[in-house]
Undergrad: 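If you scroll down you'll find the structure; I have some questions about it.
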Number of protein chains: 2
Amino acid sequence: MLTSERKALIQQILQRDGRVVAKALSQAWGVSEDTIRRDLRELASDGVLQRVHGGALPASPAIADFAQRERTGSAAKANLGRLGAGLIRPGQIVFLDGGTTHVHLARQLPRDLKATVVTHSPSIAVELAHHPTVDVEIVGGRLFKHSVVAMGSASAEAIARIRVDAYFMGVTGLHPDTGATTGDHEEAALKRLIARQAAETIVLATREKLGAASAYGILPLAGIATLVAEAGRDDDRLVPFRAAGLSIVTA
Amino acid sequence: MLTSERKALIQQILQRDGRVVAKALSQAWGVSEDTIRRDLRELASDGVLQRVHGGALPASPAIADFAQRERTGSAAKANLGRLGAGLIRPGQIVFLDGGTTHVHLARQLPRDLKATVVTHSPSIAVELAHHPTVDVEIVGGRLFKHSVVAMGSASAEAIARIRVDAYFMGVTGLHPDTGATTGDHEEAALKRLIARQAAETIVLATREKLGAASAYGILPLAGIATLVAEAGRDDDRLVPFRAAGLSIVTA
DNA sequence: CTTGACCTTGCACGATATTGCACGAAAGAT
DNA sequence: ATCTTTCGTGCAATATCGTGCAAGGTCAAG
């Protein structure tokens, strides 16, 4: 591979991913890390990127911003995820439901957290594949494409054999009267089953889910221990849930 | 060879490959590197290309884009994946092993293919989550982060209950004597187990895996029905495999 | 046919670039 | 506070480059 080819590729990757890692490039292209570091140094002195320990970032933060946001999605969900991640104690076994909010949670688990994550969401498994200390247990089953989680009897059997400290449950609605609801009958049943295997159930709910209700009930509010919600002036929406005895976590 | 002929060819190659290497051209055409360098210098001053240490790149970097990807290996894998996808018949149940090559295979399954894919790779499950007609069955278990697949007793149990028409097996080496090999003992055992549950085993091997051998044996060549390999002049590498009775598929 | 101008090619040689390694320093991680 | 990873620099080996030069080859005018 030609030197200038390498440099051009580095810039492409940087634009696409918003970052490059020296070691990864070195392994991918079969050259020494020194060579990559030299390339990065020179590109940095050309002003096209910014060196950081372990690799490089785009020079202009504007480019990084886009790629970054692309990766992390909406800020609200990322925020909820961060709050949820903070609820997990070292050594715990937690079940992570599917959904983008929980992917954000997985992404923001502290790098040094030693815990076990059980999930039937392949997306979360992929996300945690690069976490250094968290053990991941995948629940298999038939892939329900709408939610991108494993479901069916195989999943139910696997879940029945596991007990967890906390279940981060995904919902499409959380209403003072109807409790937690979702849009699929079988999914509701599976969530109910998981909740039974968990010491406590935690719900991360973005603003639009509070006060909403979907077709199929999962659990009454009494079955939910903690609600993680966006902070905001409209804390009114949280009042009925607080009254129902839920522990509320906000930013 | 005439000078202008050479220059025309250089431009052609540049367009096709996205780069030229002075030494390679000199050897291919039996002229000195000096001559090639002179050609490149002149073409550069014509603005046709851009000289770099070791050869030349296209003047406009856009052209290089596709060809660049070729060399980073992902195109080769995409190609293998496409060939592999073509081996799956409607209605079949196939097991897809982990690995980037198989992710490419999953990505290139025909949009109208009705089949069932069993996998212990969450990456492949995510990839197929948006396929309209393929059913996906996820094999659960402990996530082996190095390969990003589910492993362990839970996986073995689930696999023991499934029979598939074909197993697309990932390997790190495929050698005429040692057969299919991989770098982890437990992984080798699991692959062996899956192969037992499959009517036939298919291996997609990039060029560098042919003739290579890793620490742990999975199967002898006799256990493999079909080998999908990159096409190329160095078909010599394929000879021992063909002699061993494997059905060979190339582009 | 011969001659001389012009071009192309290969070679020699010093200059410059690139690469990998070693070793101590600095930055993160535990 | 200790350990590991990453960084920077110097160094040596190798590859590539540029230039000058000589050996041919082509072609047209003489």
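To find a chain, count down the sequence lines: A is the first, B the second, and so on, and within it residues start at 1. In what follows, every heavy atom counts, from backbone to side chain, and hydrogens, waters and symmetry copies are set aside.
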Undergrad: Whole angstroms only, please: what is the CG-C1' distance between L40(B) and dG18(D)?
TA: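 Taking CG of L40(B) and C1' of dG18(D), I get 14 Å after rounding.
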Undergrad: Between L25(B) (CG) and dG10(C) (P), how many Å, whole number?
TA: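 Whole-Å distance recorded here is 13 Å.
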Undergrad: Establish, with yes or no, whether the OP1 or OP2 oxygen of dG18(D) is under 4.0 angstrom from a side-chain nitrogen or oxygen of R51(B).
TA: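 For dG18(D), OP1 or OP2 has a side-chain N or O of R51(B) closer than 4.0 Å.
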Undergrad: Side chains of L238(B) and T250(B): closer than 4.5 Å at any heavy-atom pair?
TA: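 Side-chain contact under 4.5 Å: yes.
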Undergrad: OP1 or OP2 of dA15(D) versus the side-chain N and O atoms of K23(B): is any pair under 4.0 Å?
TA: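 The answer is no; no side-chain N or O of K23(B) sits under 4.0 Å from OP1 or OP2.
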Undergrad: Are there any protein N/O atoms within less than 3.5 Å of an N/O atom in nucleotides 25-28 of chain D, and if so, which ones and at what distance?
TA:
none

Undergrad: Is the backbone N or O of T206(B) less than 3.5 Å from a side-chain atom of E230(B), with the two atoms forming a donor-acceptor pair by type?
TA: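 No.
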Undergrad: With side chains defined as the heavy atoms from C-beta onward, is the minimum distance between V148(B) and P122(B) less than 4.5 Å?
TA: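 Yes; the side chains approach each other to less than 4.5 Å.
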Undergrad: Just so I know, are the side chains of L219(B) and M169(B) near enough to count as touching, which here means a heavy-atom distance under 4.5 Å?
TA: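 SC-SC contact between L219(B) and M169(B) confirmed.
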Undergrad: Let me check the geometry of the helix from dC1(C)-dG30(D) to dT30(C)-dA1(D). What is the bend angle between the axes at its two ends, five pairs each, to 10°?
TA: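 Helix axis angle between the two ends: 30°.
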Undergrad: Check the distance between dT16(D)'s P and E5(A)'s CD and give it to me in whole angstrom.
TA: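 Rounded to whole Å, this separation is 14 Å.
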Undergrad: Please say which of I218(B), T181(B), I224(B) ends up in a side-chain contact (heavy atoms from CB on, under 4.5 Å) with L174(B).
TA: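 Of the listed residues I218(B), T181(B), I224(B), the side-chain contact (heavy atoms from CB on, under 4.5 Å) partner of L174(B) is I224(B).
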Undergrad: Would you indicate whether the side-chain heavy atoms of L190(B) and H120(B) approach each other to under 4.5 Å?
TA: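 Of all side-chain heavy-atom pairs linking L190(B) with H120(B), at least one is under 4.5 Å.
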Undergrad: Could you walk me through whether I194(B) and V139(B) pass the side chain to side chain contact (heavy atoms under 4.5 Å, CB included) check?
TA: CA-CA 11 Å; I194(B) 301 168; V139(B) 171; over 6 Å; no
Undergrad: Measure from CZ on R41(A) to C1' on dG10(D) and round the result to the nearest Å.
TA: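 It is 12 Å, rounded to the nearest whole Å.
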Undergrad: What are the atom names and distances for every N/O pair under 3.5 Å that joins the protein to nucleotides 12-15 of chain C?
TA:
unit_1	atom_1	unit_2	atom_2	d
dA12(C)	N6	D34(B)	OD2	3.3

Undergrad: Report, one pair per line, the protein and nucleotides 17-19 of chain C atoms (nitrogen or oxygen only) whose separation is under 3.5 Å.
TA:
unit_1	atom_1	unit_2	atom_2	d
dT18(C)	O3'	T3(A)	OG1	3.2
dT19(C)	OP1	T3(A)	OG1	3.2
dT19(C)	OP1	R6(A)	NH1	2.7
dT19(C)	OP1	R6(A)	NH2	3.1
dT19(C)	OP2	R6(A)	NH2	2.9

Undergrad: Is the closest side-chain heavy-atom distance between L105(A) and I88(A) below 4.5 Å?
TA: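 A side-chain contact under 4.5 Å exists here.
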Undergrad: Measure the shortest side-chain to side-chain distance between T119(B) and L128(B) over non-hydrogen atoms and say whether it is less than 4.5 angstrom.
TA: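 Counting from C-beta outward, T119(B) and L128(B) never come under 4.5 Å.
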Undergrad: Would a 4.5 Å heavy-atom cut-off, applied to side chains only, mark P90(A) and L113(A) as touching?
TA: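 A side-chain contact exists here, since the closest heavy-atom pair is under 4.5 Å.
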Undergrad: Among residues at least two apart in sequence or on other chains, which ones pass ring-ring contact (aromatic ring centres under 6.0 Å, His included) with Y167(A)?
TA: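 By the ring-ring contact (aromatic ring centres under 6.0 Å, His included) rule, Y167(A) matches F95(A).
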Undergrad: Check step by step if side chain to side chain contact (heavy atoms under 4.5 Å, CB included) holds for L57(B) and S4(A).
TA: CA-CA 9 Å; L57(B) 297 176; S4(A) 33; 3.9 Å; yes
Undergrad: Could you list the residues that satisfy ring-ring contact (aromatic ring centres under 6.0 Å, His included) with H185(B), not counting sequence neighbours?
TA: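 If we apply the ring-ring contact (aromatic ring centres under 6.0 Å, His included) test to H185(B), skipping adjacent residues, the hits are Y216(B).
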Undergrad: Would you classify V52(B) as touching base, sugar-phosphate or nothing, given that sugar-phosphate means primed atoms plus P, OP1 and OP2, and contacts are heavy atoms under 4.0 Å?
TA: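 If one applies the 4.0 Å heavy-atom cut-off, V52(B) turns out to touch the sugar-phosphate alone, with no base involved.
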